[in-house]
Amino acid sequence: MVLDVDGTLIRNDLTHELFLKTACEHPLKIFKCISLGLTSKAKMKSYMIGLVGKDIQAKNLPYIKTVTDLAEKVHSEGRNVILCSGSHTDFITQIEAEFSWISNSHSTTDDYNMTSENKLRFLQERYPDGFDYVGNSSQDLVVWPGCYKGYAIAPPKVTSDITCQNGDGVEILEERHTPIEAIYRAMRLHQWAKNLLIFLVPILAISKATSADILNLCLGFLAMGFLASSTYIFNDLLDIHSDRNHSSKKSRPLASGLLSIPDALLSMTALLIGAIGLTLLLPSAFTLVLFVYFVITLVYSIILKRVPILDVMVLAFLFLIRVVAGAAIIGAALSPWLVSFIVTFFLSLALVKRYTELVKMTGGGQISGRGYVMADKPVILGFGMTATAMTMLSFVIYGVIAEQPVLSSPISVLIVGSLALYWLMRVWLLAHRGELNDDPVLFAAKDKTSLALGGVIFLTVLAQQLL
């Protein structure tokens, strides 16, 4: 039995990943890749392998269980299982070493591209007595008619018209699915809860808000959501390989292979265009704030997220930008003490996220894709406690000295401040116990205690503004 690799044994396409990694790490050399690809795909793959191939580890690739189970069954029957792939031989030999049931492998070399007609011709010459074949793509359409029995993983529709040499059609092991669900997951809609901060300043001045303000705020929320989702996908594209080393992030659509790189790029572009289209309907000040958010997010995804401490400071600043965006829509000014409260509150949350990742680490080492090591855990805990204390102090000062405070009575300031402090301290306690999800925002959206505390705080603030 002969197994294809890209899209068959593994859900992803190694050539796509090489091209993406080359574009990110060696952008000026991508033109040479394209030039080589126009004349020799084999030479293009070999060139990219030399640039970035060492960073892709075979042990972490998203293998398809349906295919590995079939291959193990065939091997147990005494038959040989062979890999035959269009990916470069440097990768395929690594994959071959991962499984004891693989007898041999054939793949693209510097001079020969093992795909389509080339693959069929090679297999027929190498195995003249016949072979079974497992494939997935349009390039396999010429291979299936030449095999004895064919199997397919999510193949093109026209595969149903193919007849193998045993007289049967190609057996579909997994049907082709639309990428809608994977795109939905990659957009991380639950993270849009962060964008509710756009309504913070308007709520503080709700008595002065007009119907036009409310409409613009809703459009602004959508625009920021679309933009944020596009940057999440961009970040996941950059983090495919590091995410595969992470205990929970390895299940993300791109890292797990459920979302292909071309589909991710198309989705990211569509979301970005949607965000730009909505900003045309909104005040220019909001557009400027959104542009700043976009630029900082890109720089964070490419560089800053790997710099310890600076990464959490940038995350806190991105939360502040969401608040500034809401203020820009209605033309309101921000109190310096409100800014201080927002920054320290979300700095505490950013630190608790990193602390949670350190707590969940086993065997030492470094957080995948980040600059933190196990020894940093007590330092991050100390920084987090300091930020938490500063949050409460900033809120109390804001409630006392601001010209137009969110809460007009000392009792209300004490109640809301105490509830917020309790929630932060509870989050840190759960993180220290290892009971917190990696993302405190997702935790808050699902945790009944968090939702109840949030409801009480919201009603208190709203009552103060309306009474």
Side-chain angles (χ1 to χ4, degrees), residues 1-15 17 56-109 114-116 118-156 159-160 162-177 244-245 247 250-251 255-258 260:
M1 172 172 280
V2 177
L3 304 181
D4 181 37
V5 175
D6 296 302
T8 301
L9 179 60
I10 58 177
R11 292 201 181 277
N12 57 313
D13 189 303
L14 292 171
T15 301
E17 292 194 14
I56 302 178
Q57 303 297 319
K59 64 180 181 179
N60 296 323
L61 293 173
Y63 296 98
I64 299 177
K65 191 174 187 303
T66 305
V67 177
T68 57
D69 287 347
L70 174 63
E72 288 178 346
K73 178 177 179 295
V74 169
H75 177 72
S76 68
E77 294 171 352
R79 298 169 58 195
N80 290 331
V81 177
I82 312 295
L83 298 186
C84 191
S85 171
S87 288
H88 197 272
T89 186
D90 288 358
F91 275 149
I92 303 308
T93 52
Q94 287 185 46
I95 295 174
E96 180 183 354
E98 289 295 312
F99 300 99
S100 60
W101 40 260
I102 298 177
S103 303
N104 199 358
S105 65
H106 314 293
S107 49
T108 292
T109 63
M114 188 70 74
T115 60
S116 198
N118 288 348
K119 180 183 287 189
L120 176 62
R121 184 166 50 252
F122 177 88
L123 290 174
Q124 288 178 329
E125 292 175 357
R126 186 64 180 261
Y127 306 106
D129 295 332
F131 59 91
D132 294 347
Y133 182 74
V134 189
N136 74 293
S137 70
S138 58
Q139 293 186 335
D140 297 317
L141 294 175
V142 299
V143 182
W144 279 309
C147 72
Y148 178 76
K149 183 175 182 179
Y151 302 87
I153 296 290
T159 306
S160 59
I162 293 176
T163 301
C164 301
Q165 291 183 356
N166 66 351
D168 295 334
V170 176
E171 182 179 337
I172 310 299
L173 299 176
E174 284 189 13
E175 294 288 348
R176 178 179 289 269
H177 300 289
R244 287 179 183 150
N245 292 319
S247 59
K250 64 183 179 182
S251 63
S256 65
L258 294 175
S260 69

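These numbers were taken from a predicted model, which means no experiment stands behind them.
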Practice item. Just jot down the ring-ring contact (aromatic ring centres under 6.0 Å, His included) partners of Phe131, sequence neighbours excluded, or say none. Key: none

Check your understanding: Do Glu174 and Arg11 pass the side-chain contact (heavy atoms from CB on, under 4.5 Å) test, and can you show the C-alpha distance, the side-chain angles, and the key distance before you say yes or no?
Key -> CA-CA 12 Å; Glu174 284 189 13; Arg11 292 201 181 277; 3.3 Å; yes

Revision key, fill the gap. Output for pair (Ile56 CD1, Asp90 CG), nearest 0.5 Å, gives 11.5 Å

Check your understanding: Distance from Ser260 atom OG to Glu17 atom CD, nearest 0.5 Å?
Key -> 11.0 Å

Revision key, fill the gap. SG of Cys84 to CD1 of Ile92, rounded to nearest 0.5 Å, is 9.5 Å

**Study point:** Atom of Cys147, atom of Cys164 and distance for their closest heavy-atom approach
**Key:** O-CB, 3.7 Å

Review point. Can you find a heavy atom in the side chain of Ser107 that is under 4.5 Å from one in the side chain of Ser87?
Key: no

Review point. Just how far is it from atom OG of Ser85 to atom CG of Asp13, taken to the nearest 0.5 Å?
Key: 8.5 Å

**Study point:** Check: Asn80 main-chain N/O paired with Trp101 side-chain donor or acceptor under 3.5 Å
**Key:** no

Check your understanding: Looking at residues at least two apart in the chain, or sitting in another chain, which of them share a salt bridge (charged side-chain N to carboxylate O under 4.0 Å, His left out) with Glu125?
Key -> none

Check your understanding: Is the number of heavy atoms from other residues, nucleotides or ligands under 6.0 Å of Tyr63 OH greater than 12?
Key -> yes

Exercise for review: Evaluate the criterion side-chain contact (heavy atoms from CB on, under 4.5 Å) for residue pair Arg244 and Asn12; output intermediate values, then yes/no.
Suggested key: CA-CA 12 Å; Arg244 287 179 183 150; Asn12 57 313; 3.5 Å; yes

Review point. How many angstroms lie between atom NZ of Lys65 and atom CG of Leu70, to the nearest 0.5 angstrom?
Key: 11.5 Å

**Study point:** Pair Asn60-Asn245, side-chain donor/acceptor within less than 3.5 Å
**Key:** yes

Check your understanding: With side chains defined as the heavy atoms from C-beta onward, is the minimum distance between Pro156 and Arg176 less than 4.5 Å?
Key -> yes

Point to revise | Nearest atoms (heavy-atom pairs only) where Glu98 meets Ala58 | key: CG-CB, 4.0 Å

Point to revise | Heavy-atom closest pair, residues Ala71 and Val81 | key: O-CG2, 3.6 Å

Review point. Short question: side chain of Thr8, backbone of Val5 - any donor-acceptor pair under 3.5 Å?
Key: no

Check your understanding: Does the Thr108 side chain pair with the main chain of Gly86, one donor and one acceptor, at a distance under 3.5 Å?
Key -> yes

Practice item. Output all residues satisfying ring-ring contact (aromatic ring centres under 6.0 Å, His included) with Phe122, sequence neighbours left out; order by chain, then residue number. Key: His106

Exercise for review: Could you pull out the closest heavy-atom pair between Trp144 and Gly150, with the gap in Å?
Suggested key: CD1-CA, 3.8 Å

Practice item. Answer yes or no: is there a donor N or O on one side and an acceptor on the other, between the side chain of Gln165 and the main chain of Gly146, under 3.5 Å? Key: yes

Practice item. Check the pair Leu61 / Phe91 against side-chain contact (heavy atoms from CB on, under 4.5 Å), numbers first and verdict last. Key: CA-CA 11 Å; Leu61 293 173; Phe91 275 149; over 6 Å; no

Exercise for review: Work out which heavy atom in Val143 is nearest to a heavy atom in Ser116; give both atom names and the distance.
Suggested key: CG2-O, 3.9 Å

Practice item. For the pair Asp132 (side chain) and Lys149 (backbone), establish whether a donor and an acceptor sit closer than 3.5 Å, ignoring hydrogens and angles. Key: yes

Review point. What pair of heavy atoms forms the shortest contact from Val170 to Ala152, and how long is it?
Key: CG1-CB, 3.6 Å

Exercise for review: Could you tell me the separation between the CZ atom of Arg126 and the CG atom of Asn104, rounded to the nearest 0.5 Å?
Suggested key: 6.0 Å

Point to revise | Any donor-acceptor pair under 3.5 Å from Asp69 side chain to Thr66 backbone | key: no

Check your understanding: Could you go step by step and tell me if Asp4 and Lys119 meet the side-chain contact (heavy atoms from CB on, under 4.5 Å) rule?
Key -> CA-CA 10 Å; Asp4 181 37; Lys119 180 183 287 189; 3.0 Å; yes

